Amino acid sequence: MAEDNKLNLEAIAEKYSLFDATNTQNLISRITGLDNDFCSDDLIKIYNYLLTNLKSPDVLMHVIALADRFRNYSTLSILVDILLLKNAENLAPEDKENYINLRVMCAKAIANYRDTSAVTPLLYCLNNKDENYKVRFACADALGRIGDKYAVAPLIDVVKDEEEKSVYLRESAASALGMLGDMRAVDPLVSILETKQGIIDKFTFLKERVIEALGKLRLGADERVFNALKMSLMDESPQIRINAIEAMMDSEHPEAYETIKSCLFDDDDEVKKNALVALYNLHGRSVLDEVIREPLYSDILKVEAVSMIDEYETDEDEEFARKFREELDG
């Protein structure tokens, strides 16, 4: 099909009926089948041609998935154009709704390139409050994955924005800041934990993402961060308490072990179990022996400790665990 290293893309499209969308699944099958007839370099050109000219969101999503196998830089600018709706500017608002999932997929594919040239268009969508929240959510995540520090300040603005209609977007921005690992994110992230303590409604997941982001920043030894995590151990949400335990486990704060140990008496069984795992990761077998030996610990924790010995420890320890199970059973 190639002649002088150039493809006759119109002829290929006609031969394979690539613009006949009367049956979407048949069209997708024909596009997939191009793998049998063309080399990778030619496939990239065909995919780029289709991405530029096709209109069906479902078919375009399939082509993006195929093109993502190669991640050729000639495709990147086309993906950006789709994200920005440059080929669909005249669509009616109801038709643009059909492009939402396509644009979300574009943002994810763009992030795979890890190319800083995509940061500006991603920020454009992120900062547009009239934009669909799913697209903004995907752009925030993409900015975190690309890793350009230029995105830090805009993401902080999103996290701090109390008037932002979508809490989901603030969650995604917090996660992105964790991926970026920039120290400028510390104060706004900690401020959220400090101001949202005791609020279990729509801010629960935001606090979870904030704690995860702080954990990735590995700043648990910082007193303000540690105190915010410590306060989070009193949050009404068990998952937030679990996230705080995990963040403390990864910190180097001298009070981390004893603080986590207090969670062995939490009202929630999953919190107790996660605290035990964290203590084991920090100090090894001794905490398991203590939990099994001392009567002040609950049976739930004793069973968990035995299970952990079975899974992680030596044959001799497994024999000890077996005997203890027999004592529990009888």
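Everything numeric in this text was worked out from a predicted model, so none of it was measured. All residue numbers in this chain count up from 1 along the given sequence.
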N/O donor-acceptor pair under 3.5 Å between [X] side chain and [Y] backbone:
| X | Y | result |
| --- | --- | --- |
| Glu294 | Leu296 | no |
| Asp182 | Ala185 | no |
| Asn127 | Leu123 | yes |
| Ser251 | Met248 | yes |
| Ser17 | Asp20 | no |
| Ser175 | Glu171 | yes |

Should the pair [X]-[Y] be classified as a salt bridge under the 4.0 Å nitrogen-to-oxygen rule?
| X | Y | result |
| --- | --- | --- |
| Asp269 | Lys273 | no |
| Lys261 | Glu290 | yes |
| Lys272 | Asp268 | no |
| Arg71 | Asp68 | yes |
| Asp222 | Arg224 | no |

Looking just at side-chain N and O atoms, do [X] and [Y] make a donor-acceptor pair shorter than 3.5 Å?
| X | Y | value |
| --- | --- | --- |
| Tyr124 | Glu131 | no |
| Thr75 | Asn48 | yes |
| Tyr47 | Asn72 | no |
| Arg103 | Asn132 | no |
| Arg136 | Tyr168 | no |

Practice task
Report the C-alpha distance between His62 and Thr32 in whole Å, list the side-chain angles of each, state the deciding distance to 0.1 Å, and finish with yes or no for side-chain hydrogen bond (donor to acceptor under 3.5 Å, both in side chains).
Solution key: CA-CA 9 Å; His62 186 74; Thr32 303; 2.7 Å; yes
Going by heavy atoms in the side chains, are [X] and [Y] under 4.5 Å from each other?
| X | Y | result |
| --- | --- | --- |
| Arg170 | Glu162 | yes |
| Arg30 | Leu27 | yes |
| Asp81 | Leu51 | no |
| Glu164 | Lys129 | yes |
| Asp250 | Lys216 | no |
| Leu233 | Leu229 | no |
| Tyr133 | Leu169 | no |
| Ile64 | Cys106 | yes |

Kindly work out whether a path of hydrophobic side-chain contacts (I/L/V/M/F/W/Y, heavy atoms less than 4.5 Å apart) joins Ile110 to Met179.
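Ile110 does not cluster with Met179.
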Measuring from atom [atom1] of [X] to atom [atom2] of [Y], what distance do you get when rounded to the nearest 0.5 angstrom?
| X | Y | atom1 | atom2 | result |
| --- | --- | --- | --- | --- |
| Leu50 | Leu60 | CG | CG | 8.5 Å |
| Leu143 | Lys149 | CG | NZ | 13.0 Å |
| Asp115 | Leu79 | CG | CG | 11.5 Å |
| Leu288 | Leu279 | CG | CG | 9.0 Å |
| Leu126 | Cys139 | CG | SG | 7.0 Å |
| Glu212 | Ile240 | CD | CD1 | 10.5 Å |

Might you point out which heavy atoms bring [X] and [Y] nearest each other, and give the distance in Å?
| X | Y | answer |
| --- | --- | --- |
| Val291 | Lys302 | O-NZ, 2.8 Å |
| Ala275 | Cys263 | CB-CB, 3.7 Å |
| Ala278 | Ile245 | CB-CG2, 3.7 Å |
| Met308 | Val277 | CE-CA, 3.9 Å |
| Ala142 | Ala107 | CB-O, 3.6 Å |
| Cys125 | Leu84 | SG-CD2, 3.7 Å |

Taking the six-membered ring for Trp, are Tyr257 and His283 parallel (under 30°), tilted (30 to 60°) or perpendicular (over 60°)?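 The arrangement is perpendicular - the two ring planes meet at more than 60°.
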Aromatic rings Tyr113 and Tyr73: how do their planes relate, parallel, tilted or perpendicular, breaks at 30° and 60°?
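If you compare the ring of Tyr113 with that of Tyr73, the planes turn out perpendicular.
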| message | So, applying side chain to side chain contact (heavy atoms under 4.5 Å, CB included) with Leu276, which one of Ile260, Ile300, Val287, Val271 is it? | response |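 In the set Ile260, Ile300, Val287, Val271, the residue that makes a side chain to side chain contact (heavy atoms under 4.5 Å, CB included) with Leu276 is Val287.
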Margin query: With side chain to side chain contact (heavy atoms under 4.5 Å, CB included) as the test, pick out the partner of Pro188 among Val210, Leu155, Ile156.
Written below: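 Running side chain to side chain contact (heavy atoms under 4.5 Å, CB included) over Val210, Leu155, Ile156 with Pro188 returns exactly one hit, Ile156.
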- Message: Apply side-chain hydrogen bond (donor to acceptor under 3.5 Å, both in side chains) to residues Ser56 and Asp58 and explain how you reach the verdict.
- Response: CA-CA 6 Å; Ser56 166; Asp58 291 338; 5.1 Å; no
request  = Take Glu10 and Tyr49 through the side-chain hydrogen bond (donor to acceptor under 3.5 Å, both in side chains) test and state the conclusion after the steps.
outcome  = CA-CA 9 Å; Glu10 291 183 4; Tyr49 178 69; 4.8 Å; no
List the steps and the verdict of side-chain contact (heavy atoms from CB on, under 4.5 Å) for Ile28 and Thr24. CA-CA 6 Å; Ile28 288 174; Thr24 298; 3.9 Å; yes
**Q.** Residue pair Asn243, Arg209: steps toward the side-chain hydrogen bond (donor to acceptor under 3.5 Å, both in side chains) verdict
**A.** CA-CA 9 Å; Asn243 286 8; Arg209 300 293 86 77; 5.9 Å; no
### Task
In sequence, state the C-alpha distance, the side-chain angles, and the governing distance for Val104 and Phe137, and then conclude on side-chain contact (heavy atoms from CB on, under 4.5 Å).
CA-CA 8 Å; Val104 167; Phe137 187 103; over 6 Å; no
| field | Option among Lys230, Lys207, Arg241 that satisfies the salt bridge (Lys or Arg N to Asp or Glu O under 4.0 Å) test with Asp235 | value |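 Looking at Lys230, Lys207, Arg241, the match for Asp235 under the salt bridge (Lys or Arg N to Asp or Glu O under 4.0 Å) is Lys207.
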Report the C-alpha separation of Lys160 and Asp187 in whole Å, then their side-chain angles, then the decisive distance to 0.1 Å, and conclude whether the salt bridge (charged side-chain N to carboxylate O under 4.0 Å, His left out) test is met.
CA-CA 10 Å; Lys160 290 168 57 178; Asp187 282 347; over 6 Å; no
One pair to check against side-chain contact (heavy atoms from CB on, under 4.5 Å): Leu193 and Met231. What are the steps and the verdict? CA-CA 8 Å; Leu193 291 183; Met231 287 173 61; over 6 Å; no
message = Counting only heavy atoms from other residues, nucleotides and ligands, does the tally under 6.0 Å from CG of Asp267 exceed 12?
response =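 At most 12 heavy atoms, drawn from other residues, nucleotides or ligands, come within 6.0 Å of this atom.
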field: Pair Leu66-Ile31, side-chain contact (heavy atoms from CB on, under 4.5 Å): steps then yes or no
entry: CA-CA 9 Å; Leu66 292 173; Ile31 294 172; 3.7 Å; yes
